[in-house]
2 protein chains.
Amino acid sequence: MSDIKKVSETAGVSIATVSRTFSSPDIVSQKTRAKVQKAAKELGYHPNSLARNFRVQRSYSIIALVPDMTNPFFARVIGGLEKAANNRGYTLLLGNTGHNIEIEKKYANLAQTSLVDGIIQLSAHYPLECEPSLRKIPLVNICECFNEPNVPQVIFDNVGGARAIMKLLLEKQHRNIGIVTGPNESPLNEERIKGCEEALYEYGIKLDPDNMYTGDFTFEEGYRAADIFLKRETKPTAIFCFNDEMAIGSMKRIKEDGLRVPHDMSVAGFDDIHFAAYSDPPLTTVAQPAEAFGEPALNFLCDQIDRTRDNQNYNAPERKILPYELVIRDSVATCAKN
Amino acid sequence: MSDIKKVSETAGVSIATVSRTFSSPDIVSQKTRAKVQKAAKELGYHPNSLARNFRVQRSYSIIALVPDMTNPFFARVIGGLEKAANNRGYTLLLGNTGHNIEIEKKYANLAQTSLVDGIIQLSAHYPLECEPSLRKIPLVNICECFNEPNVPQVIFDNVGGARAIMKLLLEKQHRNIGIVTGPNESPLNEERIKGCEEALYEYGIKLDPDNMYTGDFTFEEGYRAADIFLKRETKPTAIFCFNDEMAIGSMKRIKEDGLRVPHDMSVAGFDDIHFAAYSDPPLTTVAQPAEAFGEPALNFLCDQIDRTRDNQNYNAPERKILPYELVIRDSVATCAKN
DNA sequence: GTGAAAGCGCTAACAG
DNA sequence: CTGTTAGCGCTTTCAC
């Protein structure tokens with residue numbers, strides 16, 4: 001690997017000029033630029049990013065802390081983040097935390113060693129060791145959010161999405177609806193429950209805790225939830241699961257009893273994973289614009305990075321809410337009981 | 001951010017000692033180490049990785065070039081890579097190429113600017129600009145492999161896996177088996193076809209090109225393949241798809257004709273994605289140990305990185321073949337025609 | 001538009 | 001076991 005010095009010598013210019021032709025070509029004269037480029041090509045020179053990043057004290061990398069990359073929804077979010085990052089000249093690092101706080105901390109600390117310029121957290125969990133109020137490290141929270149003043153969020157309209165699909169079920173005459181939620185702790189979960197409540201309220205119904213099952217977003221838990229609902233004396237006529245995997249798990253269990261979806265029991269999901277169109281029957285669900293998290297997340301993050309470098313104060317927290325979209329397929333029908 | 005100098009001053013030692021207590025604590029006396037750690041803590045000091053990486057001329061990062069992160073199989077592979085990388089002190093960067101050669105090239109070139117120490121390529125495609133024979137950049141090829149002497153591979157036993165599942169179908173009396181392959185170019189595809197041939201050969205049958213459909217590993221193409229097979233005068237009694245998504249797409253189409261899987265038509269897949277257990281019926285398939293690619297891939301890569309740094313020659317290419325596992329579920333039955 | 005020179009924070013000889 | 005010192009490759013003032 002030849003270095004900047006060798007290039008400057010064979011091009012007959014100073015190293016400063018070589019540096020400029022690579023980092024800000026426009027301030028170098030046409031003629032000089034050509035000379036340098038020729039020399040660089042001959043020598044197979046590529047600027048050393050390690051040196052550059054060190055010199056300017058920034059890595060041009062950011063890290064996404066993702067609880068489970070294997071989850072197809074997160075996979076799509078990551079795709080969107082990566083694209084947005086690249087558009088801004090950043091490289092995206094991936095921190096697969098597996099819901100493990102120690103691992104998450106380890107990744108988050110890359111920021112303290114300057115290895116990354118900022119962090120995008122995809123869980124409802126403040127990832128840094130330092131006090132939130134003393135935070136210097138650019139951080140934005142997306143998807144599942146904790147509530148910390150001062151860290152920007154981009155979230156999905158969980159309330160709206162849940163309300164919409166719940167209303168769909170209600171319009172189809174369902175009155176006894178089983179709800180399979182995610183783990184209790186998460187705000188996301190509370191928001192979706194709130195959406196359910198709002199829809200039921202419009203129909204003069206109160207949310208019945210007996211009709212709720214706390215799942216964990218896996219196929220298995222969807223299966224188990226349906227199992228429990230099916231054993232009731234008065235079974236629900238519809239099940240709304242807070243994600244598609246659980247909905248698919250539920251359908252599997254329902255069909256095992258010889259019941260048909262949606263004729264005997266309707267099922268609705270949440271997320272619109274690719275697979276939702278290929279389940280049997282195809283799943284009615286609400287689509288989250290997974291890829292759309294990237295752009296606003298990077299806007300927020302880059303803002304912070306720039307402000308931190310300029311030693312400016314960080315202002316009011318920001319928040320962007322992404323719209324939902326109802327995806328009607330074949331897993332929901334009018335209630336047979338009526 | 002305080003730097004090493006400030007820590008050395010408040011601890012009353014030289015900067016070299018501070019550096020040592022962080023990079024090789026064992027060669028610093030207990031007492032000194034304690035002093036330094038105390039000072040570091042007080043000052044909130046964290047070693048600057050940018051400086052360190054620059055100094056030692058390595059990034060401790062590697063990049064995985066993945067064609068489509070949204071693909072659940074690749075997601076699992078990435079998980080395995082990340083873990084293996086972390087175990088060796090490397091950070092894994094992700095390059096989502098979307099099958100786009102320009103993007104792939106862009107990512108691969110991060111190695112030339114020293115931003116990554118090595119590359120793991122997940123496609124059957126040599127990613128670098130320089131001649132394969134002149135390559136200096138550590139590179140290993142996994143999953144789908146091109147054949148380039150000199151770059152180590154870790155691949156899955158595609159021949160064995162395809163042969164095994166094909167034999168299962170044959171044992172179940174199927175003689176007219178539709179095969180839905182992946183795109184023609186890939187060696188992976190050729191290997192699976194070879195496996196099919198070998199199994200058929202044992203039964204004295206020759207592979208019939210008319211019974212093959214060239215898909216692209218999407219749900220949609222599986223659906224389309226089944227559509228074509230179903231319109232034949234003599235329909236196949238079983239369909240073997242080269243991945244699970246296509247198998248699930250096929251089942252959807254088959255069921256649309258009122259046929260039952262597996263009673264009227266058997267379907268087999270490949271990969272064992274998580275979803276395969278939750279399709280209807282649950283899919284019989286061959287499992288690839290997706291996470292298991294990580295360890296051997298990193299062994300090969302780290303070897304190369306170390307050798308490159310020691311200016312040693314690179315020796316014979318290496319290759320590791322991962323074993324398959326047959327996963328019997330409910331989508332394959334004995335042929336009804338016999 | 002270009003060059004000279006300082007220095008980013010750290011590591012690794014080398015000497016003691 | 002610890003300190004001194006050179007220097008990694010680049011960017012960025014400051015002159016000219």
Side-chain angles (χ1 to χ4, degrees), chain A residues 1-37 39-40 43-60 89 110-117 308-311, chain B residues 1-37 39-40 43-60 89 110-117 308-311:
Chain A
M1 288 278 206
S2 49
D3 64 358
I4 200 172
K5 205 170 151 204
K6 211 176 291 173
V7 178
S8 77
E9 284 164 7
T10 86
V13 299
S14 72
I15 59 169
T17 299
V18 177
S19 170
R20 287 186 194 109
T21 78
F22 283 97
S23 47
S24 28
D26 35 308
I27 65 167
V28 177
S29 80
Q30 175 77 55
K31 222 173 108 192
T32 319
R33 213 190 308 157
K35 269 195 302 188
V36 173
Q37 281 162 346
L43 297 164
Y45 168 75
H46 296 269
N48 184 322
S49 301
L50 253 28
R52 162 156 220 274
N53 291 353
F54 165 57
R55 183 57 176 77
V56 301
Q57 281 304 317
R58 59 195 296 184
S59 63
Y60 294 101
L110 293 182
Q112 305 203 280
T113 70
S114 304
L115 247 197
V116 300
D117 297 337
T308 305
R309 295 187 66 78
D310 298 347
N311 260 312
Chain B
M1 290 279 206
S2 49
D3 63 358
I4 200 171
K5 204 169 151 205
K6 212 177 289 172
V7 177
S8 77
E9 283 163 7
T10 86
V13 297
S14 72
I15 58 168
T17 300
V18 177
S19 171
R20 286 184 197 112
T21 79
F22 283 98
S23 46
S24 28
D26 35 308
I27 66 167
V28 177
S29 80
Q30 175 78 55
K31 222 173 109 192
T32 319
R33 213 191 308 157
K35 270 196 302 191
V36 173
Q37 280 162 345
L43 296 164
Y45 168 76
H46 295 269
N48 183 322
S49 303
L50 253 27
R52 163 156 221 274
N53 291 352
F54 165 57
R55 183 58 177 77
V56 301
Q57 282 304 318
R58 59 195 294 184
S59 63
Y60 294 101
L110 292 182
Q112 305 202 281
T113 70
S114 304
L115 247 198
V116 300
D117 297 337
T308 306
R309 295 186 66 78
D310 298 348
N311 259 313

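Order of the sequence lines fixes the chain letters, A, B, ..., with proteins taken first and strands second; residue numbering starts at 1 for each chain.
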Say you draw a straight line from CG of B:Asn48 to CG of B:Leu50; how long is it, rounded to the nearest 0.5 Å?
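It is 5.0 Å, given to the nearest 0.5 Å.
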When A:Arg20 and B:Ala51 are each assigned the nearest nucleotide of DNA chain D, the 5'-most assignment goes to B:Ala51
Contacts of B:Arg55 and B:Gly12 projected onto DNA chain D by closest heavy atom; the upstream (5') one is B:Gly12
Please give me the minimum heavy-atom distance between B:Asp3 and B:Tyr45, naming the atom from each residue.
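Distance-wise, the nearest heavy atoms are C-CE1, 3.7 Å.
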Exercise: identify the closest heavy-atom pair between A:Gln57 and A:Ser114
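Answer, listing the atom of A:Gln57 first, then A:Ser114: OE1-OG, 4.5 Å.
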From [atom1] of [X] over to [atom2] of [N], roughly how many Å is that when rounded to an integer?
X       : N      : atom1 : atom2 : value
A:Ile27 : D:dC14 : CD1   : P     : 15 Å
A:Arg58 : C:dG9  : CZ    : C1'   : 18 Å
B:Ile4  : D:dG3  : CD1   : C1'   : 13 Å
B:Asn53 : C:dC8  : CG    : P     : 18 Å
A:Gln57 : D:dT11 : CD    : P     : 13 Å
A:Lys5  : C:dG3  : NZ    : C1'   : 15 Å
B:Leu50 : D:dC10 : CG    : C1'   : 12 Å
B:Lys6  : C:dC10 : NZ    : C1'   : 16 Å

Is any side-chain N or O of [X] closer than 4.0 Å to OP1 or OP2 of [N]?
X       : N      : result
B:Thr17 : D:dG3  : yes
A:Arg52 : D:dT11 : yes
A:Ser29 : C:dT2  : yes
B:Ser19 : C:dT11 : yes

Under 4.0 Å, heavy atoms only, any strand: does A:Val18 hit a base, just the sugar-phosphate, or nothing?
nothing
Contact class for B:Phe22 vs. all strands (heavy atom < 4.0 Å): base, sugar-phosphate, or nothing?
nothing
Which atom pairs, one a donor and one an acceptor, fall under 3.5 Å between side chains of residues 18-28 of chain A and the rest of the protein, sequence neighbours left out?
residue : atom : partner : partner atom : Å
A:Thr21 : OG1  : A:Val18 : O            : 3.1
A:Ser23 : OG   : A:Ser19 : O            : 2.8

What nucleotide, of [options], holds the atom closest to the side chain of [X]?
X       : options               : value
B:Ile15 : D:dG3, D:dC10, D:dT5  : D:dT5
B:Asn48 : C:dA4, D:dT11, C:dC10 : C:dC10
B:Ala16 : D:dT11, D:dT4, D:dC10 : D:dT4

Under the criterion side chain to side chain contact (heavy atoms under 4.5 Å, CB included), which of B:Thr17, B:Thr10, B:Val13 is the partner of B:Lys35?
B:Val13
